[in-house]
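Take a look at the structure below.
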Amino acid sequence: MHLHDHSVAEIQVVEYIGGIVSFFLLIFVYLISVYYTNQSYKTWPLYRILCWILGILSIVVSLIGPIADRAHTNFNAHMYTHLLLGMLGPLLIAFAAPTTLLLRTLPTNYARRLSKLLKSTYVRTVSHPITASLLNVGGLWLLYTTDLYSAMHDSELLYFLIHLHVFLAGYLFTISFLYIDPTAHRTSFTMRATVLVLAMAGHGILSKWIYAHPPKGIKIDEAQQGGMTMYYGGDLIDLVIVVVLCYQYFRNKQTMVEKPIVP
């Protein structure tokens, strides 16, 4: 029994080290890409580098370490990982403009292929604010109002897939409202603002539902703490999206006003 526990501990250490190395490799690749793009283009902004590093660190903390370990047995800790993996991490990574950096770094023929993919019907569909909101907020409703949450902790594969979905859906949700990278399929400000308000309402209502109706296997006090963490933490991060969305809108309006009229 003791040897078995010892082996499990060694496997966990190896997994931790492997996970940390993988994430720091992403930071290294980003920095190398910045170095190369600075040779041919305008200097890459420092704040984007910081956003990438902080975004990756948010994901690392949500998946590896004491908070991630505690999230397996404590619902409030799980909700902190949800905020880091599904909201803060994707927001910071969106600010880092990874697609722009990738287009600058790739050879011309590969950059053209990527541009063609970004203009495809598939990307148009999944990046629409309504689709992205359904995948993001709808996925959370499915996770916390069914047996999926308890099943996730009984299957490593399901645990991995759900966390992968949480991050991808969170990133897709963010870039469907904030146009930081090149976006071939833009929607109007009115569309995005309306859908964002509805998505925020759906997220807030879900947090209140969790407060009153704990997911299967979760104690009522943990559900209440987790619901409040989701409610206030989610609102804080959503507020950043609202501010940036409005800033982009008024900046574009100002640009149109200042644009000279050609007779």
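- Within the model, atoms CE of Met200 and CG of Leu198 stand 10.5 Å from one another, a figure rounded to the nearest 0.5 Å.
- The backbone N or O of Ile53 lies less than 3.5 Å from no partner atom in the side chain of Tyr30, so there is not a single donor-acceptor pair.
- For Tyr149 and His78, the ring centers sit closer than 6.0 Å to each other.
- Taking all atoms of both residues into account, the shortest heavy-atom contact from Pro215 to Ile210 is CD-CG2, 4.1 Å.
- The backbone N or O of Glu222 lies less than 3.5 Å from no partner atom in the side chain of Asn76, so there is not a single donor-acceptor pair.
- In this structure, Phe173 has its ring center closer than 6.0 angstrom to the ring center of Phe177.
- Judged purely by atom type and a 3.5 angstrom limit, Tyr179 uses its side chain to pair as donor or acceptor with the backbone of Thr187.
- Of all non-hydrogen atoms in Thr174 and Gly170, the two that sit nearest each other are OG1-O, 2.8 Å.
- The backbone N or O of His128 sits nowhere less than 3.5 Å from a side-chain atom of His185 that would complete a donor-acceptor pair.
- Between the Thr146 side chain and the Leu148 main chain, a donor and an acceptor come within less than 3.5 Å of each other.
- The two residues Ala68 and Ser62 have their closest heavy-atom pair at CB-O, 3.5 Å.
- Around atom OH of Tyr171, more than 12 heavy atoms belonging to other residues, nucleotides or ligands sit under 6.0 Å away.
- Thr194 places a side-chain N or O within 3.5 Å of a backbone atom of Thr190 that can act as its donor or acceptor partner.
- When all heavy atoms of Leu103 and Ala111 are compared, the pair lying nearest together is CD2-O, 3.7 Å.
- Within the 3.5 Å criterion, the main-chain N or O of Asp147 finds a donor-acceptor partner in the side chain of Ser150.
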Determine, step by step, whether Ile93 and Phe167 satisfy the side chain to side chain contact (heavy atoms under 4.5 Å, CB included) criterion, reporting the C-alpha distance in whole Å, the side-chain angles of both residues, the deciding distance to 0.1 Å, and the verdict. CA-CA 11 Å; Ile93 288 179; Phe167 169 73; 3.9 Å; yes
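- Other members of the hydrophobic cluster containing Tyr231, listed by chain and number, are Tyr211, Met228, Tyr232; membership follows side-chain contacts under 4.5 Å among ILVMFWY residues, whether direct or relayed.
- Stacking of Arg192 on the aromatic ring of Phe189 is not recorded, the 6.0 Å distance cut-off and the 45° axial limit not both being met.
- Under a 3.5 Å cut-off, the side chain of Asn74 and the backbone N or O of Arg70 do not form any donor-acceptor pair.
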Between Phe23 and Leu26, does the side chain to side chain contact (heavy atoms under 4.5 Å, CB included) criterion hold? Intermediate values first, please. CA-CA 5 Å; Phe23 285 115; Leu26 290 174; 4.0 Å; yes
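- Of all the heavy atoms in Gly226 and Met79, the pair that sits closest is O-CG, 3.2 Å.
- Atom CH2 of Trp141 sits in a crowded spot, with more than 12 heavy atoms from other residues, nucleotides or ligands closer than 6.0 Å.
- Thr100 and Asp181 share a side-chain donor-acceptor pair at under 3.5 Å.
- Looking only at distances, no side-chain donor or acceptor of Thr131 sits under 3.5 Å from a matching main-chain atom of Ser127.
- In this structure, Arg48 satisfies the cation-pi test against Trp44, with its NZ or CZ atom closer than 6.0 Å to the six-membered ring centre and inside 45 degrees of the ring normal.
- Residues Tyr159 and His163 bring their aromatic ring centres within 6.0 Å.
- Other members of the cluster containing Tyr41 do not exist, because no ILVMFWY side chain is joined to it at under 4.5 Å.
- For Ser188 (side chain) and Met191 (main-chain N/O), a donor-acceptor pair under 3.5 Å exists by modelled atom type.
- The OG1 atom of Thr105 lies 10.5 Å from the CD1 atom of Ile32; values are rounded to the nearest 0.5 Å.
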